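What follows is a short report on a single structure.
Atoms within each ligand, like the ligands themselves, are counted from 1 in listed order. None of the values given here were measured: they were computed from a predicted structure.
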Amino acid sequence: MPFPSSPVREGTAPRRVLALADDLSGAAETAVALGRPGRIVLGPASLDPPAYGEAVVVDLDCRCLPAAEAADRVREALRSVPPDVLVLKKADSLLRGNLAAETAACAEGAEGVVVATALPALGRTVRGGVVHLDGVPLHTTDAWRAESTAPPPSISAALGDARTTPVPLEAIRGDALPAVLRAAIAAGHLPVCDAETDSDLDLIAEAALACGPGVRLTGTSGIAAAVGRLLRSTDGTSAAITAGQAAPAPAGGGRRRPLLVVVGTADPSAPAQIAQLTERGARHVSVNPDVMNSSFMNSDVPADVTVLSIDSGPGVRPGAGRRLVSALARLAADRAGDADLVLTGGETARRVLDALGVAHLAPLGQIHHGAVHALTPDGRHVVTRPGSFGDTDSLLRIATALRPDLPHLPPQGDFPVNATPTADNHRSLPLIAVTMGDGAGIGPEVIVPALLHPDTLARCRPVVIGDTGRLRQAAAILGVDCDIVSVTAPGEAEFPPGRVNVVDLDLLPADLPWGELSALAGEAAYQYVRVAADLAMKGAVHGICTAPLNKEALHSAGHLYPGHTELLAHLTGVDEVSMMLSTPKVKVIHVTTHIGLIDAVRRIEPGLVERTVRRGHDAMVRAGVAKPVIGVCGINPHAGENGLFGYGEEEEKIVPALEVLRANGIDARGPLPADTAFFLAGRGDYDLIVAMYHDQGHGPVKVLGIESGVNLTVGLPVIRTSVDHGTAFDIAGKGVAEAGSMVEAVRQAAEMSSVPVR
Ligand SMILES: NC(=O)C1=CN([C@@H]2O[C@H](COP(=O)(O)OP(=O)(O)OC[C@H]3O[C@@H](n4cnc5c(N)ncnc54)[C@H](O)[C@@H]3O)[C@@H](O)[C@H]2O)C=CC1
Ligand SMILES: NCC(=O)COP(=O)(O)O
């Protein structure tokens, strides 16, 4: 029996993945879809196999090569791949490129190849073995207008001489799918799978992996995402890279790098996309690489944003595409300096990065489908995007994710520098749901000034989920003259100066005393968070920022969660998240949080330590620290002092995790004596400290002051930040609470949130 018949289950799924793409934007899309730690390699360089838990995605750069050469690149990449590595061959969802030759090369040495090319997220489905675009068969559309041949009438036709077995939707959704795939493979055929939804792709991924480690997959980022979901469900991890979630904007400290947007696509959508950037003050340089006489040649990339595109005017000869792209890329690379880059068109992206000597990228996140944010080894932010992907606002969304203040660039030089954002440019800022917390605490008092703060309004559109009446009382106590206005949904909010918008749940009585614990306020605090989580999961807001709730009041209302962290994990369907405290001086992530000390020590084990460090590492990389140095605290005084204190907990619970992490290239050091770890981090030795329990991390951070710290939840599918303090019942209703932590928490939520579709 060549195939084990067991289903994929915990411990049996492959823990490392090698994906091969034929262009760079496809490789980046695949890396994000897989959602695992790893890298994008600009191949076809010789490469190390992926480490355990990793996904390596190689751009073989062979989309435009003759079929035989493209197949050789696939063969070479797979030559010494270890047998336990899952191999995924990325295919174009429109079937362009050398699909037949590359799939045949991928099948050599494999037990079989399952083909699943649907990409439901973009309306690209497969029915009856035919690719459909929004329900229309591919070969009847003009999607191949830039190709020199006609589109294939079916996937089987695109696979050339290969023998194929169509696998219809009924079989995909039936109980016998693994058997159907096995039978096709045993007959020497490629099963070609229909799929209309991501759930279909999940079924295909599971059945294909159940066929055994020798079976490979060919498909789009849709099947890559299904593989990622499946592996996470079997190894219990959460996504290292969250598809659909943008990474935080590059850190603001020091001189800001310019942003160079290189548009190397002739897609008809490009001019409108560029226009949205120039309306925001970006400089547009259209060059004719044949002539190379643009003034751009004589100037460096200026500060802020420059768009460089090919002049597609009458001087450009048709058919000169690849040569023009290469010339454009050389020009861009020559002038890029240290600019962050947005590169559209896989070929353009690849040529620019080649010219800059970039050998690999660390994927960080995705701004919209296919617009992948990554980091070069020297810390440059790069977004790649296939030429034809994205709506008219695609470039604006990408640029604003990298430069959150982009809408405030002065268009045509006549925009006053300190002007309040106009209604129009405000709409491109993220909507942030600010939950009011416990209405008897200081939440309302810190929210009102924080939301009226000019810095807040310059960065986002904050909407409170709370009680309008309570916020009006807080404003009166503070003596602040403002309009606190109820709205039925965040999208209806308006932002003239002096207005605070509230989705009014109207749960609190007008005479609720300040500073007193009540189940009523605990229930209301719960409802604010529930509604905010619901809005964020639906995409109606882009991030959540929470004011403090009182845990005792929450529990009195029957909601037995230790805090927001666990409540939000539950509401968003995530098993494990981490609490991170962020201050300008020190950042700390916690292995355990709201449990007793004895329980915390019991709960700490190498797997939990490893996952926490990885979450912290990835969050730091997303924040722009390319190679974070991470200090991991011990549990006992002096980290046990070689067995003098404690019962060997450091050796048993922490050291094995550090060994795995270091073998995976993560610079995690320790176990460190916790008392000095924070001092060393404060002087700059560590970018992130990993604390084993709540007070080990919280105590040192709170010494730094309540005004600038922010609490972040790492690992949720939504952005969540919070103040670093509690409900402070002792001062509630007195108008003396500091609002600095709230201002900072809203700011960080805004910076981490992607820009909305308009
Ligand atoms: N994000 C959240 O929801 C958080 C909730 N809590 C909860 O809050 C409740 C009270 O916790 P405590 O340990 O008493 O901590 P706390 O932070 O509420 O108060 C500690 C001390 O700091 C002062 N303080 C706190 N925030 C301040 C501000 N913005 N301006 C000036 N002074 C401030 C208070 O007056 C008090 O003296 C508990 O139920 C706790 O679980 C605590 C921390 C965070
Ligand atoms: N000690 C921090 C705290 O209690 C906040 O917890 P959470 O509500 O953010 O989970």
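With salt bridges taken as basic N to acidic carboxylate O contacts below 4.0 Å, none links Asp599 and Arg603. The pair Lys734-Glu445 does not meet the salt-bridge criterion, since no charged nitrogen lies less than 4.0 angstrom from a carboxylate oxygen.
With Thr727, Val736, Leu517 as candidates, the residue nearest to atom 9 (C) of ligand 1 on a non-hydrogen basis is Thr727. Nearest residue to atom 5 (C) of ligand 1 from Leu549, Thr565, Asn550 is Leu549 (criterion: closest heavy atom).
Counting protein heavy atoms only, atom 4 (O) of ligand 2 is closest to Lys551 NZ, 2.8 Å. Here the heavy atom of the protein found nearest to atom 6 (O) of ligand 2 is His594 CE1, 3.2 Å.
The ring of Tyr561 has its center closer than 6.0 angstrom to the ring center of His570.
You'll find the side chain of Arg614 stays beyond 4.5 Å of the side chain of Arg611, heavy atoms only. Two residues are said to be in side-chain contact when any heavy atoms from C-beta on lie closer than 4.5 Å; Ile442 and Phe729 fail this criterion. Residues Asp687 and Ile630 are not in side-chain contact: their nearest non-hydrogen atoms beyond the backbone lie 4.5 Å or more apart. Proximity of Ser486 to Thr468: side-chain heavy atoms (C-beta onward) are separated by under 4.5 Å at one or more points. Residues Ser518 and Leu512 are in side-chain contact: their nearest non-hydrogen atoms beyond the backbone lie under 4.5 Å apart. Considering only heavy atoms from C-beta on, Thr612 stays 4.5 Å or farther from His590 through its side chain.
Between Ile731 and ligand 1 there is a heavy-atom distance shorter than 4.0 Å. A heavy-atom separation below 4.0 Å is found between Ser722 and ligand 1.
Within 6.0 Å of atom CD in Glu605, more than 12 heavy atoms from other residues, nucleotides or ligands are found, so the atom counts as buried in its surroundings.
Residue Asn711 has no N or O atom closer than 3.5 Å to an N or O atom of ligand 1. Of the polar atoms of His564, at least one N or O is found under 3.5 Å from an N or O of ligand 1, judged by distance alone. At least one N/O-N/O distance between Arg720 and ligand 2 falls below 3.5 Å. In terms of N/O distances under 3.5 Å, ligand 1 is not approached by Pro548. Distances between N or O atoms of Glu552 and those of ligand 1 include no value under 3.5 Å. Annotation: Asn711 places an N or O atom under 3.5 Å from an N or O atom of ligand 2; distance criterion only. The shortest N or O to N or O distance between Ala728 and ligand 1 is under 3.5 Å.
Ligand-side atoms of ligand 2 in range of His698: 1 (N), 2 (C), range being under 4.0 angstrom from any heavy atom. Heavy-atom proximity to His694, at under 4.0 Å, picks out these atoms of ligand 2: 1 (N), 2 (C). Close approach to Thr565 involves these atoms of ligand 2, each under 4.0 Å from a residue heavy atom: 7 (P), 9 (O), 10 (O). Less than 4.0 angstrom separates some heavy atom of Lys551 from each of these atoms of ligand 1: 5 (C), 6 (N), 39 (O), 41 (O). Within the listing of ligand 2, atoms 6 (O), 10 (O) sit less than 4.0 angstrom from a heavy atom of Met579. Applying the 4.0 Å criterion to heavy atoms of Ile442 picks out, from ligand 1, the atoms 26 (N), 27 (C), 28 (C), 29 (N). Heavy-atom contacts of Ala737 reach the following atoms of ligand 1: 30 (N) (cutoff under 4.0 Å). Using a 4.0 Å cut-off to heavy atoms of Gly563, the atoms of ligand 2 that qualify are 8 (O), 10 (O).
Between His373 and His381, the ring planes are tilted. Angles from 30° to 60° get that label.
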Under the side chain to side chain donor-acceptor pair (under 3.5 Å) criterion, do Asp724 and Ser741 qualify, and how do the steps go? CA-CA 6 Å; Asp724 188 22; Ser741 179; 5.7 Å; no

Take Thr546 and Arg720 through the side chain to side chain donor-acceptor pair (under 3.5 Å) test and state the conclusion after the steps. CA-CA 8 Å; Thr546 59; Arg720 182 260 171 158; 2.8 Å; yes

